[in-house]
2 protein chains.
Amino acid sequence: MPRRIKSKHQHVASLEAELLRRVRAHGGLSRVQLARDLKLAPSTAGIYVDRLVRAGFLIETENTGRETAGRPPTSLVPNPDGGRFIGVDFEARNLMATVVDFSQKPLRQVHKTLRPTDSAAQILAKIEEAIDEMTARDSRPVLGIGVGVPGAIDPVTNVAVHYDFIKGWSDVPLGARLGARFGVPVFLENNIRSMALAELWFGAGRGLRNFVCIGIRSGIAAGVVVNGHLLHGAQHRAGEIGHWVCPVPPELADGTPPRRNSEWRWQAGARLEQVASLSAIEAAAQRGLERKQETALADVKGEPTIDDVLAAAHNGDSFALSLVRAVGRVHGWVAHQVNELFNPEKIIFAGPLADLGDLFLAPVRETARELGDAGRDLAIVNSKLGQYNGAVGAAALALHQWKPKR
Amino acid sequence: MPRRIKSKHQHVASLEAELLRRVRAHGGLSRVQLARDLKLAPSTAGIYVDRLVRAGFLIETENTGRETAGRPPTSLVPNPDGGRFIGVDFEARNLMATVVDFSQKPLRQVHKTLRPTDSAAQILAKIEEAIDEMTARDSRPVLGIGVGVPGAIDPVTNVAVHYDFIKGWSDVPLGARLGARFGVPVFLENNIRSMALAELWFGAGRGLRNFVCIGIRSGIAAGVVVNGHLLHGAQHRAGEIGHWVCPVPPELADGTPPRRNSEWRWQAGARLEQVASLSAIEAAAQRGLERKQETALADVKGEPTIDDVLAAAHNGDSFALSLVRAVGRVHGWVAHQVNELFNPEKIIFAGPLADLGDLFLAPVRETARELGDAGRDLAIVNSKLGQYNGAVGAAALALHQWKPKR
DNA sequence: GGGTATTATTTTGAAATCGAAATTACTGTC
DNA sequence: GACAGTAATTTCGATTTCAAAATAATACCC
């Protein structure tokens, strides 16, 4: 007569889920290592592992040749055929989806382009379409769906509350809708937070207890991990640093070059999102062209897109580079402020800008270091997880919440 | 053969301690209420309560007349004679100490003035002196000491790591020293964080899970409560918003009145601590006098102290008021930034400035609201706990960590 | 004044988890 | 190739905590 409504690890979905999580995060652990990791008695870990092996979710692997004395450990790995999970991540312009196996390995991914004019209904349809495409011709069961949603969400009711950049996007019952359509549990999370989860579980944040992930796309937001847990805030609105009131480097204010790196301006009400996001860069590039600025971007037909600007910067175009550097300095200021307030071990930048690497990160680091000597202990890096970062994080969200039925 | 090395509530000192905490925070709870609060089975709560009653730490009180049906609950209150705890809180200029009984009621308090020239050794001596004064002629045992320390601390080794405003204050083994002298456990915490604890346990933060406490004294720092727990950061350096790079209102930059409320300036590297702390106000007042500014402060002999400025503002002196308002606007900006990042339920300002009430809070609120419409859900208030806020919090720190010996 | 509804607490037996003591499966050594 | 050394796992009670049922103490209604 199993009961298990509460457990010692109350803050945790269940001990089984926690064990699976550890095994996935750090494949090939032994019972004893798991016990140590989760602070369980070895006997307890043994009981649960056996249960999961018998249920077919874990596999005992061959103990490969070892050198040390003592009884060799039996390594445990997740059974890839334990089930599949789906992750979706989107914002104003792009929708990424992925399906992962039980060991968290991506099996397939799908990208769809969204238009700013797409309505909430159209976006919902595209989400369902993407999921259908990925699960077609594969009969293994889907166990859960995770969705990284832009803007505010309510993780209790699984409703997407609001997002500025999609019209009509408010109080969308995403959880109920997808749950009804696919018949599996659906988990919602704000998409920068699901990126942070991806970093925590298999990215630059692995093993860290305190870090901040800053996503720069149409908007700018931060996913904060405190003590190994996501920060949500009172109304699940934490991390909206896009609304921060920030200083503006001259290049971004009126296009004049700065006299010193530290020469910035203050504009009443300048928001980070309007100063240092991808759309802000596009706008600044366009202003530059109108000013007859000498740049390779002048050859682009139509208004230059963010991809044009980043490509130009990559090719050494000095105007494009000056924009990237100016935005980098702003984010250096952001990193400084975030560091002083949170004292994280690491700040991880994600998005196309961060994908430029040191071209973007150098001015960020330089400025952060200039502003605060406390930055010594702080690593500023970019996300290495690539475009599907958020989608994989969303899949992991579902994966990690899921627990075997009894 | 009691053992109890681990318990279900692993993140918690012990169940006994947790129960005492709840009873102290919300006197007169019944066994059932405690069970609900701590998510225990009623039977479990009963076992522990009985144990604490038998050990003399809790007292069952008369069930006062009630109106509702059903068996009346037996209320439990802490036994005031269970033992005493000491709390100390200091920064560059003041040292406050208090001794509280087992139910957390302050029995006695002591204030000492520190001079900026005091060395670390002199301050240590004053701490011991304050404790001696309070415990003289009272034989009830002291069970623990909590200290709110300015600057960085290491809560594991109980060493005060560093503080800018006291010379020679680095790596002071405060815990070991006081422990040896008084023979009881000593707990260290950064003093803004111990203020935040005081607010959490019996101030404006009671019952909240997410709030930020901003202390404005010689420096400026924030104590952040996330999910009911203090935020420490990777190196226990979280909350140092005094190092934030911030905009500067004209009044504080060069004394000219602003054309609009939103007209601020950006000075390369202006730190919040140099712009909007008590010492910054003194400096700005002094600059005003040198400019022959018309103000009641001109009558003060010597350089005006912060008390002079605050008193003048209180009496309606327009120059002093303009300083307070300008500083208020800066903290409005701070509140906005903090709100967007953390999404707390409340921001609590502490310190002499906040004690002015709406004189200070009105410009804070106004600016925060101007900058962010998200501020609708956010309450901005001042601390009502008074001068001994930090000391009481420090005492509570010791009180809450303490648990009955078995 | 006795029944009934209602809520608090205690009793009871079971599940989860533990710590310590076997037991197992190796490596290395003579 | 027996034997000591070592580390992983299992076995075996013991302890903590639970859930559900039983009991206690009241208010309310007739």
Side-chain angles (χ1 to χ4, degrees), chain A residues 1-19 22-23 28-54 58 60-77 403-404 406, chain B residues 1-19 22-23 28-54 58 60-77 403-404 406:
Chain A
M1 263 136 295
R3 236 173 345 137
R4 170 73 97 117
I5 278 96
K6 298 183 179 182
S7 84
K8 192 193 69 168
H9 286 227
Q10 283 194 324
H11 54 293
V12 142
S14 90
L15 249 182
E16 275 101 343
E18 193 72 17
L19 273 170
R22 289 298 307 151
V23 173
L29 291 166
S30 73
R31 288 164 170 78
V32 172
Q33 286 174 302
L34 282 167
R36 267 200 295 270
D37 278 9
L38 302 179
K39 302 195 174 160
L40 297 170
S43 42
T44 310
I47 291 169
Y48 282 89
V49 166
D50 290 347
R51 207 175 288 170
L52 286 168
V53 169
R54 244 177 297 115
L58 287 181
E60 298 190 318
T61 60
E62 285 307 305
N63 35 3
T64 55
R66 300 162 44 263
E67 300 304 308
T68 62
R71 172 174 177 174
T74 346
S75 288
L76 298 155
V77 293
K403 65 180 169 205
R406 37 189 52 275
Chain B
M1 260 138 299
R3 239 175 340 140
R4 169 71 98 119
I5 278 98
K6 297 185 179 181
S7 83
K8 192 192 68 167
H9 288 226
Q10 282 192 325
H11 54 291
V12 142
S14 91
L15 249 180
E16 276 100 343
E18 194 72 17
L19 274 169
R22 288 299 307 152
V23 173
L29 291 166
S30 72
R31 288 164 171 80
V32 172
Q33 286 173 302
L34 282 167
R36 267 199 295 268
D37 278 9
L38 303 180
K39 300 191 175 166
L40 297 169
S43 42
T44 310
I47 291 169
Y48 281 88
V49 166
D50 290 347
R51 207 176 287 170
L52 286 169
V53 169
R54 245 177 295 117
L58 286 181
E60 298 190 317
T61 60
E62 284 306 306
N63 34 3
T64 54
R66 299 161 44 264
E67 299 305 309
T68 64
R71 173 174 175 173
T74 345
S75 287
L76 298 154
V77 293
K403 65 180 169 205
R406 38 188 52 276

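A, B, ... follow the sequence lines: proteins, then strands. Residue 1 opens every chain.
Close to C:dT7, at under 4.0 Å from its OP1 or OP2, lies no side-chain N or O of B:T68.
Every residue meeting the side-chain contact (heavy atoms from CB on, under 4.5 Å) condition with A:V32, not counting sequence neighbours, appears here in chain and number order: A:S30, A:R36. Residues forming a side-chain contact (heavy atoms from CB on, under 4.5 Å) with A:V77 (at least two apart in sequence, or on another chain): A:I59, A:T61.
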- Audit row: A:V53, A:L58, side-chain contact (heavy atoms from CB on, under 4.5 Å) steps and yes/no: CA-CA 5 Å; A:V53 169; A:L58 287 181; 4.0 Å; yes
- Message: One pair to check against side-chain contact (heavy atoms from CB on, under 4.5 Å): B:L40 and B:L15. What are the steps and the verdict?
- Response: CA-CA 10 Å; B:L40 297 169; B:L15 249 180; 3.6 Å; yes
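Rounded to a whole Å, the CG atom of B:D50 is 16 Å from the P atom of C:dA8. Separating the CG atom of B:L19 from the P atom of D:dT17 is a distance of 11 Å, rounded to the nearest angstrom. One atom, CZ of A:R36, and another, P of C:dT17, lie 20 Å apart when rounded to the nearest Å.
Residue-level contact check: A:S30 touches the backbone only, with heavy atoms under 4.0 Å from sugar-phosphate atoms and none from bases.
Taking both residues in full, the closest heavy atoms of B:A45 and B:A35 are given as CB-CB, 3.7 Å, listed atom of the first, atom of the second, then distance. Closest heavy-atom contact between A:Q33 and A:G28: OE1-O, 4.2 Å.
Counting only heavy atoms from C-beta on, A:A41 has its side chain closest to C:dC18 among C:dT9, C:dC18, D:dT9. When distances run from any side-chain atom of A:L15 to the nucleotides C:dT9, C:dT17, D:dT9, the shortest one goes to C:dT17. Ranking D:dT9, D:dC18, C:dT9 by closeness to the B:L40 side chain, first place goes to D:dC18. Among the nucleotides D:dT9, D:dT17, C:dT9, the one closest to any side-chain atom of A:P73 is D:dT9. Checking C:dC26, D:dT10, D:dT17 against the side-chain heavy atoms of A:P72 singles out C:dC26 as nearest.
Only one option out of A:T74, A:V23, A:L29, A:L34 pairs with A:V49 in a side chain to side chain contact (heavy atoms under 4.5 Å, CB included); it is A:L34.
Checked by distance alone, B:S43 brings a side-chain donor or acceptor within 3.5 Å of a matching partner on the base of D:dA19.
Comparing the start and finish of the helix from C:dG1-D:dC30 to C:dC30-D:dG1, five pairs each, the helix axis swings through 10°, to the nearest 10 degrees.
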Quick test: give all pairs of protein nitrogen or oxygen and nucleotides 2-6 of chain D nitrogen or oxygen below 3.5 Å, distance rounded to 0.1 Å.
residue, atom, partner, partner atom, Å
D:dT6, O2, A:G70, N, 3.0

